[in-house]
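The structure appears right after this line, and notes come after that.
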Amino acid sequence: MDTKPFWSLIIAFTVFFFANGQNSVHAQDFIYIMPSKEIAETGEDFFFKAYQMDKQTFALSDLSRTLYLQVRTASDSVVWSEKYPLVSGRGNGHIYIGADWPQGEYFIEGYTKSSFTSDSTQSIHPRRIRVVDRVTQMDSISNQAIKKDSDQKINSKHRFDLFPEGGHLIYGINSVVAFKATYGNGMPEEVAGKVLEDGKKIATIKTLHDGMGWFSITPKSGKEYKVVLDDGRNISFPNIESKGLSLRVSKNNAKGLFLVISSSDNAPQTFSISAKQNGIECSTAKGTVNGQQIVKLPAEYFTLQGIVEITLYDVNERPVAERLVFVNPDKRLNISAVTDKLQYYRRDTGKVSLKVTDTIGNPTKAELAVTIFDKAYLYQPGHENILSHCFLSEQIRGNIFNPTYYFDTQNADRIQALDLLMMTQGWRNYVWDKEPNPSQTLLKDGISGKDLDNRMQIIKALCPQGDTCHILSNHDGIFEIDPSIMEKMRGNIYLQPILKKPRPKIALDNPFDTVNIYQRGRNRYYVEDYILPPAKDNVAIKSDEGTIALDEVVISAKRRVFARDKVTGFLDSLAILSSGEWVCDCKAFGTNGYLNDYKGYSHHPEGIDFSKNAYIGAGRKVLLPKRGEIYHVIKYIPINEDGRWIVDMTDPPHDEIYYGPQYTEKELLQMYGFWKAQGYYPKREFYQPDEFDLQSSLADPRNLLQWQPEVITDENGLAEIPFAASDVNTEFIGIVEAIDGNGLMGYQIFSFRVMKE
């Protein structure tokens with residue numbers, strides 16, 4: 001073969017179109033969740049913000065109005081399933097971390113009707129957090145993790161994989177080969193070694209970032225190639241093709257992408273190239289190669305930050321090579337965050353001044369989410385930001401190690417490291433894709449149900465806050481409660497069919513059942529990172545009088561009293577009323593009164609006519625007993641037929657806790673013809689102390705100083721966030737994430753210290 005390259009330049013032309021038709025059946029959106037902090041303690045509220053973004057443009061999407069949020073344990077048990085409203089692609093709320101949640105890792109997952117379909121190839125990208133009883137327990141957890149990591153380095157399987165650029169090696173064509181060294185469950189390993197050709201060293205290799213590196217080689221026919229690492233391992237090369245076309249990226253800069261197409265044949269070969277970003281074909285090129293051919297894909301064709309998928313086709317339009325490239329790594333919102341002091345004393349008030357500019361430095365209006373918390377609550381193994389999630393986690397298969405590294409402008413080698421990630425974890429040896437199976441939308445935005453008698457039905461909907469409305473079904477009995485009604489009636493919504501004959505039977509759809517069925521077997525990818533050694537500078541809180549912290553408090557009771565909201569509480573009162581048990585307000589030795597018609601006890605054994613305004617004698621009222629309250633009980637026996645009674649001293653008068661008829665919520669609803677539907681989880685306002693609170697002598701243990709999920713900058717890109725320090729004297733960090741709603745995003749972190757006076 002004539003190895004002298006034939007150099008020429010092909011300029012690609014652009015083709016812009018948005019996916020439609022067949023692509024419309026696939027999930028069009030994805031969910032990103034920003035937590036208020038990354039380590040949560042049992043028994044506390046955990047705040048979050050959710051973004052719903054278009055998969056192709058990263059713009060905020062309004063295709064869905066309801067977020068279905070689940071929290072799962074590491075063993076895939078669901079501990080939280082709630083709904084939250086989405087407005088124009090964003091929503092926020094809180095999760096109550098149960099006091100009985102076991103300590104460990106948890107995964108927050110969000111679904112919507114436009115992001116979760118029946119397509120089983122969809123992967124899930126949860127937010128990874130840690131739950132502990134107390135954050136001080138992270139010290140022992142960190143030590144255990146570090147020890148486990150050390151043991152894995154010694155005892156677990158070590159891997160070394162080679163990734164030829166474009167997918168394969170071809171004899172006689174110079175190619176770049178990336179490599180990746182890992183151990184355990186994919187933790188990166190630093191290695192060094194050499195490349196041998198028939199036993200002779202032709203190249204030295206060494207990892208450059210997180211176990212990844214590269215070398216170039218021109219394989220020759222009839223030669224044997226392998227990598228020998230310094231630890232003695234021998235790794236054979238992947239199969240080398242005798243002929244074909246290869247694809248190499250020679251430059252990726254502000255002017256565009258420069259590709260080198262090489263052919264092993266002497267005769268000219270026709271080829272074509274397609275470049276897609278987020279599934280949209282944005283640039284194509286065609287040409288002929290005889291030796292080597294340079295193709296330029298101009299930068300103006302790639303308008304967004306992110307991964308470009310470049311595919312090389314032969315003369316028969318068969319894909320023969322593919323390469324992922326990350327473009328526009330600096331196309332983002334830039335955020336400046338400056339506190340008014342470098343350090344604060346306990347209970348000081350402060351503020352952080354924020355400024356947002358676009359890629360070229362012009363002030364821009366943006367929406368921000370801001371959190372300020374004790375640095376001890378940053379969980380490094382699960383740490384991620386809006387840039388790393390949108391541009392890496394949602395795009396690349398597998399667990400990504402320390403993805404935020406590639407978006408930190410302080411890392412001088414981040415661009416090179418990002419390209420290594422594209423060549424290793426984004427590597428593909430092209431295989432013909434099968435035609436995707438048609439997928440279906442699985443979720444709805446509202447609450448849906450059906451009258452099982454297949455008749456038109458009128459449904460009265462009410463909530464514990466007292467709001468009511470009426471819903472009309474269609475002729476088949478199918479009805480849906482709109483999200484706008486769910487927003488007004490936060491919490492559980494109770495449904496009561498108006499048409500009573502025949503006795504109505506209502507079936508309600510449970511979207512979480514659907515989620516739990518269809519998420520089984522899907523790949524879950526999450527970020528990875530090392531756990532850091534325990535911090536030494538955190539100081540425990542102690543008030544002036546001294547504080548004793550109890551590890552555990554156990555409260556016992558003789559019998560369970562069901563918790564009721566206002567609606568079920570009303571039904572429970574009806575159940576008590578129907579039992580005939582009642583209380584008179586006669587003086588009863590300091591208790592809440594006498595129980596009547598209760599298990600043979602009655603202070604008025606002669607009975608009472610409830611139809612006569614429910615009064616006894618001289619203005620005595622009839623009251624309903626309350627569960628859990630103490631009442632006096634007394635039993636009388638008649639002594640003759642003239643209406644006189646005496647106390648039965650075989651069962652002397654005594655006090656009793658009233659539990660009443662024990663009905664579960666389900667039983668109560670069935671008794672009175674109600675159904676309960678799960679609405680939007682109630683709002684919880686984030687607590688911020690006022691001036692009076694800051695003067696209190698009580699200890700202030702807040703580790704989350706500020707949480708503002710909806711901050712809008714002014715026309716100059718400016719905003720100010722106030723905060724008040726607590727009694728926790730340590731280092732606090734602030735995280736700011738920004739969107740402009742049209743695909744640009746930004747991230748910034750700042751820190752300050754809180755000191756003792």
Side-chain angles (χ1 to χ4, degrees), residues 1-5 7 152-184 186-252 258-265 291-292 321-325 401 412-429:
M1 184 186 111
D2 184 4
T3 58
K4 182 178 179 181
W7 295 102
Q152 283 188 338
K153 286 182 180 178
I154 299 172
N155 301 315
S156 67
K157 182 178 179 180
H158 292 248
R159 293 188 55 178
F160 184 89
D161 298 301
L162 296 170
F163 303 93
E165 184 175 14
H168 53 261
L169 292 170
I170 303 173
Y171 287 123
I173 295 179
N174 181 261
S175 300
V176 171
V177 179
F179 60 84
K180 188 172 185 178
T182 60
Y183 66 89
M187 303 299 280
E189 180 180 22
E190 303 305 308
V191 298
K194 53 192 175 184
V195 181
L196 301 183
E197 180 185 77
D198 283 345
K200 181 180 178 181
K201 183 176 78 171
I202 59 173
T204 299
I205 64 171
K206 184 178 181 181
T207 50
L208 300 174
H209 175 75
D210 282 347
M212 299 178 291
W214 66 274
F215 60 89
S216 63
I217 187 173
T218 304
K220 301 173 184 176
S221 181
K223 301 291 185 180
E224 181 185 26
Y225 296 92
K226 64 180 179 180
V227 172
V228 177
L229 300 179
D230 290 352
D231 60 15
R233 282 182 286 165
N234 285 255
I235 296 92
S236 299
F237 262 52
N239 185 51
I240 302 175
E241 305 289 337
S242 59
K243 60 180 181 178
L245 294 173
S246 74
L247 166 68
R248 180 162 59 89
V249 177
S250 62
K251 290 181 183 179
N252 175 11
F258 292 81
L259 314 177
V260 177
I261 311 301
S262 300
S263 169
S264 59
D265 292 338
Q292 287 185 329
E322 186 175 271
R323 171 76 145 86
L324 300 188
V325 183
F401 190 85
D413 67 335
R414 69 186 184 95
I415 303 301
Q416 180 192 51
L418 189 54
D419 198 48
L420 283 171
L421 185 70
M422 297 295 103
M423 286 195 291
T424 54
Q425 196 153 339
W427 181 86
R428 302 175 187 177
N429 188 348

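The structure displayed is predicted, hence computed values, not measured ones.
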Rounded to the nearest 0.5 Å, what separation is found between the [atom1] atom of [X] and the [atom2] atom of [Y]?
| X | Y | atom1 | atom2 | answer |
| --- | --- | --- | --- | --- |
| S236 | E224 | OG | CD | 7.0 Å |
| S263 | K243 | OG | NZ | 10.0 Å |
| H158 | Q152 | NE2 | CD | 9.0 Å |
| I261 | R248 | CD1 | CZ | 10.0 Å |

Between the side chain of [X] and the main-chain N/O of [Y], is any donor-acceptor distance below 3.5 Å?
| X | Y | result |
| --- | --- | --- |
| E190 | G211 | yes |
| N234 | G232 | yes |
| S156 | Y183 | no |

Review point. Taking it one step at a time, do I205 and V191 satisfy side chain to side chain contact (heavy atoms under 4.5 Å, CB included)?
Key: CA-CA 8 Å; I205 64 171; V191 298; 5.8 Å; no
Point to revise | Heavy-atom check, side chain of I217 versus side chain of F237, under 4.5 Å | key: yes
Point to revise | Side-chain heavy-atom pair L245, I170 within 4.5 angstrom cut-off | key: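 Sidechains of I170 and L245: no contact.
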Taking every non-hydrogen atom, the tightest pair across [X] and [Y]:
| X | Y | answer |
| --- | --- | --- |
| G244 | I173 | O-CD1, 4.1 Å |
| A178 | M423 | CB-CB, 3.8 Å |
| G193 | D230 | CA-OD1, 3.5 Å |
| M212 | A417 | CE-O, 4.1 Å |
| K220 | Y225 | N-OH, 2.7 Å |
| S221 | Y171 | N-CD2, 3.4 Å |

Practice item. Could you name each residue pair satisfying salt bridge (Lys or Arg N to Asp or Glu O under 4.0 Å) that touches residues 191-216, not counting sequence neighbours? Key: D198-K223
Check your understanding: Does anything in residues 413-425 pair up under salt bridge (Lys or Arg N to Asp or Glu O under 4.0 Å), and if so which pairs, sequence neighbours excluded?
Key -> R323-D419, D330-R414
**Study point:** Pairs involving residues 195-214, ordered by first then second residue, that meet ring pair (Phe, Tyr, Trp, His ring centres under 6.0 Å) (sequence neighbours left out)
**Key:** H209-Y405, H209-Y406
**Study point:** Partners meeting side-chain contact (heavy atoms from CB on, under 4.5 Å) with T218 (sequence neighbours left out)
**Key:**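 Listed in chain order: N174.
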**Study point:** Partners passing side-chain contact (heavy atoms from CB on, under 4.5 Å) against I415 (at least two apart in sequence or in another chain)
**Key:** P329
Point to revise | Matching residue for F179 among L162, T424, D161 - test: side-chain contact (heavy atoms from CB on, under 4.5 Å) | key: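 Answer after filtering L162, T424, D161: L162.
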**Study point:** Partner residues of D231 under the salt bridge (Lys or Arg N to Asp or Glu O under 4.0 Å) criterion, sequence neighbours left out
**Key:**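 With sequence neighbours excluded, D231 shows a salt bridge (Lys or Arg N to Asp or Glu O under 4.0 Å) to R233, given in chain and number order.
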**Study point:** side chain to side chain contact (heavy atoms under 4.5 Å, CB included) evaluation trace for K180 with Q425
**Key:** CA-CA 9 Å; K180 188 172 185 178; Q425 196 153 339; 3.2 Å; yes
Practice item. Given side chain to side chain contact (heavy atoms under 4.5 Å, CB included), test V227 with L196 step by step and report yes or no. Key: CA-CA 6 Å; V227 172; L196 301 183; over 6 Å; no
